[in-house]
Every structure is written in structure tokens, then in C-alpha cells.
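Not measured: the values here are computed from a predicted model.
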Amino acid sequence: MLLLGTISLLLYFVPSYQQFPRLCATQEALRTKECCPLWEGDGSACGASSGRGFCEDVAVSDQPDGPQYPFSSVDDREKWPSVFFNRTCQCVGNFMGFNCADCRFGYFGVNCNERRESIRRNIFHLSRAERIRLVSYLNLAKQTVSRDYVVVTGTYREMENGSSPMFADLSVYDVFVWMHYYVSRDTLLGGPGNVWTDVDFAHWAPAFLPWHRVYLLHWEHEIRKLTGDTSFTIPYWDWRDAQGCDVCTDDLMGARSPQDPTLISPGSVFSSWRVVCSLAGEYNDRGVLCDAREEGPLRRNPGNQNRNVVERLPTSAEVEFTLSLTNYDTGPMDRSANMSFRNTLEGFGDPQSGLGNSSRRGMHAALHAYMNGSMSSVQGSANDPIFLLHHAYVDSIYEEWLRRHRPSPSQYPESNAPIGHNSEYYMVPFLPLHRNIDFFISSKELGYEYSNLLDANQRLAESMRPHLEVLQDVWPWLLLVGLCGGILTISIAAAGILTAKRRHGLSSWLHTLRWRHLFSHPESQLLIWSEETGETNQHNYQTTM
């Protein structure tokens, strides 16, 4: 028993590849502002002895931000990650991770030199086994405390500049919920209710699409690590023209509870889920960060949203209009941007005119509002697993736009975007570090593809795949049934012949034999009809049949 406990403790402290790894959530790491853990492969910091990476100073961008955020040195996310760490592992080649122990997106293998090519599929094209596996993986992530990393529950100032660390454990799934909360939370200016709301390091500006792309890639990566299923990919929900939440079934994301329309059906595992970091207004009133405690059940009430904000789900025509916009972002690069692909896709530009500051929410934002529950809060929206399916589809639209317009890197703003969104800005709150501009590229370079962007033949094969998998599973039974049916048919035929012989007696049997004798001689067959004899001269089609 003691041995099992020791092994569990060692496994619990296996290093991670994400934000606030346990080995860096210490007084020493925060005091020295250095997050350069050892790579177990050679025992050196960042795997330097093996040439995987080196512990180096973080060079943050000094390009000016836009006017939306008028403060400096009041928010821990400014010039990320310099408030917490100014030295981190800088990995080389195809290596990645806070200690360079992992591979860059799109690569795998011992030396990270093998290319990965995975496909994110339409959730309705998954086989029954794949659907069960998806729900099981989600629930496993929700129920498993992360052994890799922790979340911060206080500001750096509250931690007395790192001398009193404030971190908490969360499940693998909820760490990502926290990340989405943390990147989009309001700035605490000190004291109850004293906050700045016009700030978001992952929304309302150019980094919206690159940030969520990295978010999904890391989430996918963590599920693969947790389950050992290296082939796992996030499916997408194509919500164009949907008349309702067609993924809201108990075999997928959970149906509506018959007892309370705002809750999930008891027939779904998601009915037992509890949300975290969803009370943005309460945190602001108290002037605190989310403390990572459970806050109640997952809620959802699709279709009963405020019709003045969102009338319906987006249409195919609106998606196509959005894709037709040639500029990635425009003007002040915020919610007021006109004819901006990013702003229109995010949902603050009208999907029929492209004008910013729309009175109604469209596209991405429309889906969040339509779900009318945990999903409708920006900071707490990742609590609902539909978030992943939704953002995978948003990412596929982003990918289609990149392929259609092939923008140059210069289309992504280098400066004057809202804080956190310039091209060289490191994404909050990721460790390893990722720059926004590095994900303004095709998904193919990152090792994944979308089934709806394949060519026609490949799309057909993808849509048929689950049906073929079902046939592959049942074909031995079909073969067995066929053999049994054949044996049964032969048995019935044989029994019929024996019965007929007994019933009609010997005379009938002899009569049958005489007809056999007649037809056994070709010259005796009455198949020729002449004008003189009135007999057959041609084959009659029906008779022959």
C-alpha cells in the first residue's frame, strides 16, 4: 500500500507543458522569476545538454498598444509573462514545452522529427464508438485532478511579489476553463468593484482566432496525454442553418432535463458536472480573482435566449459573406471594426453588412448567446463542453479564410491593436510561450486538417467512414447469418422434395422421369416454330425467362 502511494505521489508531480507548471509554482521560482525546469531525459535545464533548448531571458515586445487600455503595470497579464517570469525555456527545432520535453504541434516521435497529420471531423460523422469515446474522455478530464499544473488564485501583489504563492489544484478540464476565464477577466484596479472592463487578451481583437487555435491544440494535446490515445482529435459542430441544438442529446453533449429546462438530462454524464470561474460579476464586486471552487451545476437552455440579441443560429449565407471579407482586421481592430473578417466572425460585425458594433450578435457570439446558460458568459463559457465543438468549427472557418485569401503576415497588425493582440505579443496565460503571429498560418503546418475542407472524394470517404466501421464490426455476424440462412434454405428444399415424393407416389415420380427424358434430347425440344408446322422459330423472351 505504501509503495502504491509513493508511486502515485511521483506520478502526480510529472512535469507539464503548460501554464504555471507545478515546478514553477514555488516561492523560489517566483522570487527568481525563472521557469526553466530540468528535462528528465538528460537532467539538464530545458534539455540543454541534448540541444533541445536553453534557459534564456524573455524578450517582450515594446510595440505600442491601442488606446482601449490606458493603464500600465497594474495587470499581471501585461507584457506576459514578465510579471511572473523573465527567464523561461526557449526550445529549438521541433521541440516544445516549458522544459522542452514535448514536440511542436504537428510533430511527434522520440526526436520530434515525424510529421503528424490528424483530421478533425464533423461530430455527426463519428461512429457510435467514437461518440462514446469522446464523452468518456471529456468526463475523464473533468474528474481527473491535473498532475501537471496548477492555477493562480491571487494577483502577484497579493502573493507579496511571489513570497506567498497562491495556487490551487483543478481537474485537467477545469484548468482550461480557468485559462479561458483568466485571459478574458477584467482588470482589478484595487478594492471592491474597482475594475476596468474594456480589456480582454483573447477576444474583441485580432488575437481572437490565433489564441483559440492554440487553446484547442493544447487541449487536444492534454487529452492525448491523459488517455494515451494519440489519434484523438476534437470534432466540430457545423451549426449553419441548424434549427436547434442538435448536439444536445444524451449520447452527445446532453439533452434538456425534463425536471428543469435549464439543466442537463440525468441520462447524460454532464448532468453531474459543476462549473468553476463563472461568477464574473461577483469577483468584480469583491475585487478578487476566481478561487477555483465549484459554483453550481452546468446550465444550458438553448433557444430561449434574448431574441433582441440573437434571433437564431447563423446561416450558410452569413458564413459565406464572412468568408468573402478580404481584410483580416480593420480600423481600431476592436468590436467597432468595419468589414473585418475577424470582427464579423467573432460576432460583433453584422454578418450581412460587415458593419461593426452590431446591435445583434452574429456568428461565433450568436452561438454562445443561443445556448443561454454557462456558454453565454465569456469568462465561464468553457465550462460547457459544447464550447470545444463550437470553437473547432469557428477555427475551421478561420482556416477556410486563410486558404481562400492567402494573407501575407503583414495583414496581422504589428502594433496599435488592443493590449495582448499585437503580432509579437506572447499569448496569456500560456507557458510555453506562443506569439500571436505564429498561428496566423494554415492548420496543415500545425499537423491537422478539417474533414469539411478536404476535396470532394475525400469528404465522401469521410462521411462514409463511420458506416464502414459499423459494417467492419458486424460483418462476421452477417457472414454467420448468411451461412445459417443458406443451410436452412437447403434443408427446407430437401424436406420439400422428400415430402413431394411421399405424397405423389411412384406414378408421379415416373411421370417426372419421362419429362426429364424428353428434355434430355435436344432434337426433341419444341423450341423451333416453322411456318409449315406452326411451331416456334424464335426464342420468346418471357418464356425463356
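- Taking 4.5 Å as the limit, every side-chain heavy atom of C24 sits out of range of all side-chain heavy atoms of L30.
- Counting heavy atoms of neighbouring residues, nucleotides and ligands inside a 6.0 Å radius, atom CZ of R293 does not exceed 12 of them.
- Between H421 and Y425, the ring centre distance reaches or exceeds 6.0 Å.
- Checked by atom type, the side-chain pair T153/D291 shows no donor-acceptor distance below 3.5 Å.
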Exercise for the section: Evaluate the salt bridge (Lys or Arg N to Asp or Glu O under 4.0 Å) criterion for residues D384 and R300: first the C-alpha distance (whole Å), next the side-chain angles of each, then the deciding distance (0.1 Å), finally the verdict. Expected result: CA-CA 8 Å; D384 193 327; R300 190 191 299 154; 2.9 Å; yes

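- Ring geometry, F387 versus H391: the interplanar angle falls from 30° to 60°, so the pair is classed tilted.
- Within a 6.0 Å radius of CZ in R157, no more than 12 heavy atoms belonging to other residues, nucleotides or ligands are found.
- In summary, the aromatic rings of W239 and Y370 are positioned with their centroids too far apart to meet the 6.0 Å limit.
- Residues E220 and I234 share a closest heavy-atom pair of OE2-N, 2.8 Å.
- Side-chain contact check for D186 and N284: at least one donor-acceptor pair (N or O, by modelled atom type) lies under 3.5 Å.
- With respect to the salt-bridge test (charged N to carboxylate O, under 4.0 angstrom), the residues E222 and K225 qualify.
- Checked against a 6.0 Å centroid threshold, the rings of Y328 and F440 count as neighbours.
- Not less than 6.0 angstrom separates the ring centroid of Y426 from the ring centroid of W80.
- Taking the centre of each ring, F71 and Y69 come in below the 6.0 Å mark.
- What you find for V428 and V183 is that their closest heavy atoms are O-CG2, 3.2 Å.
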Exercise for the section: Output, in order, the C-alpha distance, side-chain angles, deciding distance and verdict of salt bridge (Lys or Arg N to Asp or Glu O under 4.0 Å) for R104 and D438. Expected result: CA-CA 12 Å; R104 268 176 53 202; D438 293 337; over 6 Å; no

Practice task
Tell me, with the steps shown, if L170 and M179 meet side-chain contact (heavy atoms from CB on, under 4.5 Å).
Solution key: CA-CA 11 Å; L170 276 178; M179 291 174 70; over 6 Å; no

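- With hydrogens and angles left out, the side-chain atoms of N338 and T330 include no donor and acceptor closer than 3.5 Å.
- Between R224 and D229 there is no salt bridge, since no side-chain N of the basic residue sits under 4.0 Å from a carboxylate O of the acidic one.
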Problem - From CA spacing to verdict: side-chain contact (heavy atoms from CB on, under 4.5 Å), R133, E130 - result: CA-CA 5 Å; R133 188 158 58 242; E130 288 171 329; 3.3 Å; yes

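- Of the charged side-chain nitrogens involved, at least one lies within less than 4.0 Å of a carboxylate oxygen, so that D75 and R185 count as a salt-bridged pair.
- Residue S278 forms a side-chain hydrogen bond (donor to acceptor under 3.5 Å, both in side chains) with just one option from E295, R299, Q379, and that option is E295.
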Exercise for the section: Any chance you could lay out the salt bridge (Lys or Arg N to Asp or Glu O under 4.0 Å) test for R403 and E449, step after step, and finish with the verdict? Expected result: CA-CA 12 Å; R403 296 186 192 182; E449 171 67 287; 2.7 Å; yes

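- Taking each heavy atom of C35 and P21 in turn, the nearest pair found is SG-CG, 4.0 Å.
- Residues P235 and L134 share a closest heavy-atom pair of CG-CD2, 3.7 Å.
- Remark: the D251 side chain and the T249 side chain contain an N/O donor-acceptor pair separated by less than 3.5 Å.
- Taking both residues in full, the closest heavy atoms of T233 and S118 are given as CG2-CB, 3.5 Å, listed atom of the first, atom of the second, then distance.
- When R213, R120, R404 are each tested for a salt bridge (charged side-chain N to carboxylate O under 4.0 Å, His left out) with E399, only one passes: R213.
- Residues Y173 and P385 meet the side-chain proximity criterion, which asks for heavy atoms closer than 4.5 Å.
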Practice task
Show the numbers, then the answer: is there a salt bridge (Lys or Arg N to Asp or Glu O under 4.0 Å) between D169 and R22?
Solution key: CA-CA 10 Å; D169 288 325; R22 291 181 182 275; 2.6 Å; yes

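- In summary, E318 and R360 do not engage in a salt bridge, as defined by a charged side-chain N under 4.0 Å from a carboxylate O.
- Under 3.5 Å, the side chains of W204 and N343 contain no donor-acceptor pair of N or O atoms.
- Between F430 and H218, the distance separating the two ring centers is shorter than 6.0 angstrom.
- Ring centers of F20 and F84: under 6.0 Å apart, within the cut-off.
- Not less than 6.0 angstrom separates the ring centroid of F439 from the ring centroid of W211.
- The pair R342-D334 does not count as a salt bridge, with every side-chain nitrogen at least 4.0 angstrom from each carboxylate oxygen.
- Under a 4.0 Å N-O distance rule, the pair R240/E320 does not qualify as a salt bridge.
- In this structure, the ring of H212 has its center no less than 6.0 angstrom from the ring center of Y398.
- Annotation: H180 is not in aromatic contact with F176 [ring centroid separation under 6.0 Å not met].
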